[in-house]
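Input: a single structure, listed below in structure tokens.
Quick note on labels: first sequence line is chain A, next is B, and so on, each numbered from 1.
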Amino acid sequence: MVRMDEDKLLALAKRRGFFYPAFEIYGGVAGLYEYGPMGAALKANIADRWRRFYVLGEGFAEIDSPNVSPEEVFAASGHVKEFTDFSVECTKCREAFRADHLVKDIENPAALGADGLSAALKGQGAKCPSCGGELSVPQKVNLMFKTQIGPTANSRVGYLRPETAQAMFFSFVNHYRHFREQLPFGVVQVGRGFRNEISPRQGLLRQREFNMMEAEVFVHPERKTWPRFHEVADDRLRLVSNDGKEHVIAAKDAVHKGIIKNEALAYFVALTQRFLLDVGIDPKRLRFRQHLTNEMAHYASDCWDAEVELSYGWVEAVGVADRGSYDLDQHIRHSGAQLTAFERFAEANEVERDVIAPVHARLGPLFKGKAKAIAAAMESAEGLAVESDGTIKLAIDGAEVTVPPECFERKRVREKVSGRRFVPHVIEPSYGLDRILYSVMEHSYHEEEKEEYTVMRLPISVAPIKFGVFPLMAKDGLDGFAMKLDAELRDAGVVTSYDDSGSIGRRYARMDEVGTPFCVTVDHETLEKGTVTIRDRDSKAQVRVPAKELAALAPRLLRHGFSVAKGGK
RNA sequence: GCGGGCGUAGUGUAGCCUGGUAUCACGCUAGCUUGCCAAGCUAGUGACUCGGGUUCAAAUCCCGGCGCCCGCACCA
């Protein structure tokens, strides 16, 4: 029964132009999908709602960075090294296999390293599954799409990004400055990611090129609170913690009891719930599951996935992770850039310390080209020891250099220390847009019990078309009137669909299938009294309103629902 | 990638075993009709997943590719 729904939904998705496999006339390519007119609109509307939460609601800044990135970025992020699967090759028939899939009786073999896999395979005497030949040692296969930046031989190696997050990290100082050097703040990006999956499946849920909406929220490492936490404090969350227990609990209690590690993380878990419900996820089919300790990235201190129940089972749609300072640390290490925030002490400290001050007038002539490096080394080295003969020994470029006494002075200085630099921590809510879109479609899908009749009960805000506009019959001037009404609505910024074909019931049905919340019909009474009917998708109820008022009424209907029309007239 | 199931108009299907270019329904388009929930009549539209082989002839038989679904595994 569940299977049936899924097939019917996929059929509807294609028939009505939501989504379908890409490149169909060339046989299709696994893991690549195309959004049709309804799907593209639905996707844009969901992303819009997301921005309403994250950009308008939280005041976060949206950026837009390239899909193609130089190798250095992913060397720093760890993707070049770690974003891999292990494969083994048969030495006889040359066939390749995923190493972790050949390992038997080990829980989570994917978590094994090269040595662990190698040992496990050897220990089990694993042979080639197709010819029985000997297997090679496990080799890493990177799952990023590799390319070259620039067409000529001296081009740089590049990758299509597997996530949008990195630009929010490596451009941290720009964002920090934009927010006038105040924590906490957030940066978001809505865009595409690319993962060259070995075997993509399950339609929109696992694609090779997919859409995500990511936020990186930079917080003080010792103050992982959130200023607006009180707004969500009483939101009830369904939490499955990694001890296997399920809690239905208010956000504030989840924090107090330590189920969710900190307030900032809990805030974004609660915000995620609000967003998902807003775009049409069924609350009964939503839960948050904490990552198991061995599933969590080693740097993450806590991670919660929003999981949505679909015909495929529970599917992860959003991940909310406390990533600590890992990502910024990595880019600091690899690039040398100072990706830090500055914190002013309440009172500036005065400290006295001994320093070695280079005498440049002597250093220069004596050491020539090396003088600059020597001076820098003297200034940066804390507590340099002066040898018994009065010289200093320094290691410059791997060679020891002896600096005679006349080249420096020993001084005691008073310094004012007004604050300290530190690497912020990051809370990362990461949303799979395609998965959310698909989930919204499944949860909106509604079939009338008796007849074969489908209604997509999409929330008004995400529905691709807001109003169907019909003349009851395309004659007697009804069609002309309806066309004018349609143009007025579109002029007011409302997405409409004009339709004068077939019976009125058929046209309602078409709109129901794409989730259009309202249909306006022009009939003979319109010509006499100037009123039109508005029909509600979910209740099929109708009310008459003056046609003249429709364009003004429409935005209120879209905001508050059908009851506005009922109450109004 | 493994195991299983599968691929015929936009959709759902018949035909495949036993080779002779394709059934029915819905949809869609036009006309008539009806006059507020997929009504009716008429006409039209439109398909054998791709490639190779066997054959006088392939949707049908054989081989291979691609794709889809389920399970395993992985993941946003």
Pairs under 3.5 angstrom, nitrogen or oxygen only, protein versus nucleotides 5-11 of chain B, please.
unit_1 : atom_1 : unit_2 : atom_2 : d
U11(B) : OP1    : K14(A) : NZ     : 3.2

Q) Any salt bridge (Lys or Arg N to Asp or Glu O under 4.0 Å) pairs touching residues 17-29 of chain A, not counting sequence neighbours? A) K14(A)-E24(A)
Q: Just jot down the ring pair (Phe, Tyr, Trp, His ring centres under 6.0 Å) partners of H291(A), sequence neighbours excluded, or say none.
A: none
Q.
For a quick check of understanding: with a heavy-atom distance under 4.0 Å over all strands, which category does T521(A) fall into, base, sugar-phosphate or nothing?
A. base
Q) Between the main-chain N or O of L292(A) and the side-chain N or O of N242(A), is there a donor-acceptor pair closer than 3.5 Å? A) no
Q.
By nearest atom, which of the nucleotides C37(B), C75(B), A38(B) is closest to the R195(A) side chain?
A. C75(B)
Q: Using the aromatic ring of F210(A) (for Trp, its six-membered ring), decide whether it stacks on the base of A76(B) within the limits of 5.5 Å and 30°.
A: yes
Q: Scan for salt bridge (Lys or Arg N to Asp or Glu O under 4.0 Å) pairs involving residues 513-530 of chain A, sequence neighbours excluded, and state none if there are none.
A: R15(A)-E513(A), R16(A)-E513(A), D523(A)-R544(A), E525(A)-K529(A), E525(A)-R544(A)
Q. Any sub-3.5 Å donor-acceptor pair from R435(A)'s side-chain atoms to E316(A)'s backbone N or O?
A. yes
(Q) Students often get this wrong, so: under 4.0 angstrom with heavy atoms, is E163(A) touching a base, only sugar-phosphate, or nothing? (A) nothing
**Q.** Separation of the C1' atoms in C24(B) and C69(B), to the nearest angstrom
**A.** 26 Å
Could you run down the sub-3.5 Å N/O contacts of the protein with nucleotides 45-50 of chain B?
none

Q: Using side chain to side chain contact (heavy atoms under 4.5 Å, CB included) as the criterion, list what pairs up with T164(A), not counting sequence neighbours.
A: R161(A), M168(A), Q189(A), M212(A), E214(A)
(Q) If you only use heavy atoms from C-beta on, which nucleotide in C36(B), A73(B), A38(B) is closest to the side chain of E513(A)? (A) A38(B)
Q. Between C75(B), A38(B), C37(B), which one does the side chain of R435(A) approach most closely?
A. C75(B)
(Q) Applying ring-ring contact (aromatic ring centres under 6.0 Å, His included) as the test, list every pair that has at least one member in residues 197-219 of chain A; sequence neighbours left out. (A) F172(A)-F218(A), F185(A)-F218(A)
Q: Between A39(B) and U45(B), how far apart are the P atoms? Round to whole Å, please.
A: 23 Å
Q.
Using a heavy-atom cut-off of 4.0 Å across all strands, would you classify E214(A) as base, sugar-phosphate, or nothing?
A. nothing
Q | Over all atoms of both residues, closest heavy-atom pair of V495(A) and P464(A) | A | CG1-O, 3.4 Å
Q) In chain order, what residues pass the side chain to side chain contact (heavy atoms under 4.5 Å, CB included) check against S439(A), with sequence neighbours excluded? A) I281(A), V308(A), L310(A)
Q | Listed partners of F268(A) passing ring pair (Phe, Tyr, Trp, His ring centres under 6.0 Å), at least two apart | A | W226(A)
Q) RNA chain B: stems of at least 3 consecutive Watson-Crick or G-U pairs, cut-off 3.5 Å? A) B:1-7 with B:66-72, B:10-12 with B:24-26, B:27-32 with B:40-45, B:49-53 with B:61-65
Q) Which part of the nucleic acid does R507(A) contact within heavy-atom distance under 4.0 Å: base, sugar-phosphate only, or nothing? A) nothing
Pairs under 3.5 angstrom only: tabulate donor-acceptor contacts from the side chains of residues 30-39 of chain A to other protein residues two or more places apart or in another chain.
unit_1 : atom_1 : unit_2  : atom_2 : d
E34(A) : OE2    : Y20(A)  : OH     : 3.0
Y35(A) : OH     : D434(A) : OD1    : 2.6

Close N/O contacts between protein and nucleotides 39-42 of chain B (under 3.5 Å):
unit_1 : atom_1 : unit_2  : atom_2 : d
A39(B) : OP1    : R506(A) : NH2    : 2.6
A39(B) : OP2    : S503(A) : OG     : 2.5

